[in-house]
Asker: 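The structure that follows is given in the form of structure tokens.
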Protein chains: 2
Amino acid sequence: MSRIPAAERRTALARAALAVIARDGVAAATTRAIVAEAGMPLASFHYAFTSRDELLSDVIELVVAGEGSATFASLLLDAPDLRSAVRATFAAYLDLVRADPAREQAMFELTQHALRTPPLAGLPRRQYESYRNLIGKLLIAGASAHDTAWSLPVDELAGFVLALTDGITLSWLADRDDDAAERLLELATDAVMAHTLNGAHA
Amino acid sequence: MSRIPAAERRTALARAALAVIARDGVAAATTRAIVAEAGMPLASFHYAFTSRDELLSDVIELVVAGEGSATFASLLLDAPDLRSAVRATFAAYLDLVRADPAREQAMFELTQHALRTPPLAGLPRRQYESYRNLIGKLLIAGASAHDTAWSLPVDELAGFVLALTDGITLSWLADRDDDAAERLLELATDAVMAHTLNGAHA
DNA sequence: GTCTATAATGAGATAGAC
DNA sequence: GTCTATCTCATTATAGAC
């Protein structure tokens, strides 16, 4: 580990922390667990960061920057119509949750830890803005790919889609009920499609 | 504190724990903080419970049993029509979140802590069932108060309302944007009202 | 600059006096 | 039955040898 610039150590540790958090949760992301994941000695931690919360701040930045945020775009283009595209995108997200529930739960835990920690309390706002931006781009791409437009501002609809996504995710995490999630996904699709310009059948 | 039956100690401690959790979060609910809140000596804790997780299980039971779950019913009856009733109920819930954000966040934290703790991992299912039951009752009361019916099973609609509620709550907790929450609330109302039997204008 | 060794704190749990 | 005093452990953070 000799001679690694401090900046690289910081990102390496932040990435390692995200891996630990995604696997075992925020509470399990102790400095020991993080340096073990990164293959570094314990003291390297405080060489790169002054505190654990400073590191968690970087972890949220990583999430905000879209580390691992997915490639749903193809779904929007392959679908025969906008409704199918919307449904397929919700379904793809749900599949992601089912494939790695701990990771999705970890995103909630990060937000909530930040909200409880005064120096980090401002970060969730940016985290959610980042989510909305991603969703907004998908909404615009989807509509234009199927010659439709949305009947309300995309930012507003993106916020609604984000709320639906969070709600469906929490529901599945608590219940692990695939059928119920499938029905929620259908209702969410209807709710979104109610806001196309050409009515609900575009 | 002399001569208090063990069962009463358990509920007193669980209530105290819920108070601490609602105020400061799950992570802050140490055995010391809990007994301080309850005005008991530390040893009383392990006299009543074998472990901290056993207590947290009781805390979730308390939440499931509807401790503090509110009295929205009047809103449904006072409103001039079903749409207003639905909107007013969402709005009342949002007011509750804004009045005590820490408490609402604590409910999420409890769920997530339980999901991460194998012996407690089954509790969130019951917690969410309890939420859906409450919402289902409100939906039935609302529809019958305004001579309408829902066009899909009430349980399914209740799950959808719960997802919307969770999503709006998380959104507001992250952003603290009252106007955005207001718009979400309006969209959520539309989405629910799309599932009345007599069309969307009942 | 880097890491071993350790300090300082606060946690959950318990032994044993009353 | 109840509670004081203590144990053991894991944590964050740091001092100081290389």
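Lettering of chains follows the sequences in order, A, B, ..., and the numbering in each one begins at 1.
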Asker: Please state how far atom CG in B:L13 lies from atom C1' in D:dC3, giving the value in whole angstrom units.
Answerer: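 To the nearest whole Å, that distance equals 14 Å.
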Asker: How does protein contact run along nucleotides 13-18 of chain D, one letter per nucleotide 5' to 3', with B for base contact, S for sugar-phosphate only, - for none, heavy atoms under 4.0 Å?
Answerer: BB----
Asker: Give me the atom names and distance for the closest heavy-atom approach of B:L13 to B:A38.
Answerer: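 Minimum heavy-atom separation between B:L13 and B:A38: CD2-CB, 4.0 Å.
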Asker: In whole Å, I'd like the distance from the CD atom of A:E8 to the P atom of C:dG1.
Answerer: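 Answer to the nearest Å: 14 Å.
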Asker: Is A:S44 close enough to C:dT2 that one of its side-chain N or O atoms is under 4.0 Å from OP1 or OP2 there?
Answerer: no
Asker: Take B:Y93 and B:L185 through the test side chain to side chain contact (heavy atoms under 4.5 Å, CB included) and record every step on the way to the result.
Answerer: CA-CA 10 Å; B:Y93 179 76; B:L185 186 158; over 6 Å; no
Asker: Just do the side chain to side chain contact (heavy atoms under 4.5 Å, CB included) check on A:R15 and A:E37 with the steps written out, would you?
Answerer: CA-CA 9 Å; A:R15 261 182 243 274; A:E37 178 83 19; over 6 Å; no
Asker: Have B:R83 and B:T189 got a donor and an acceptor in their side chains that come within less than 3.5 Å?
Answerer: no
Asker: If you measure from the Lys or Arg side-chain nitrogens to the Asp or Glu carboxylate oxygens, is any gap between B:R87 and B:D81 under 4.0 Å?
Answerer: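 No, B:R87 and B:D81 are not salt-bridged.
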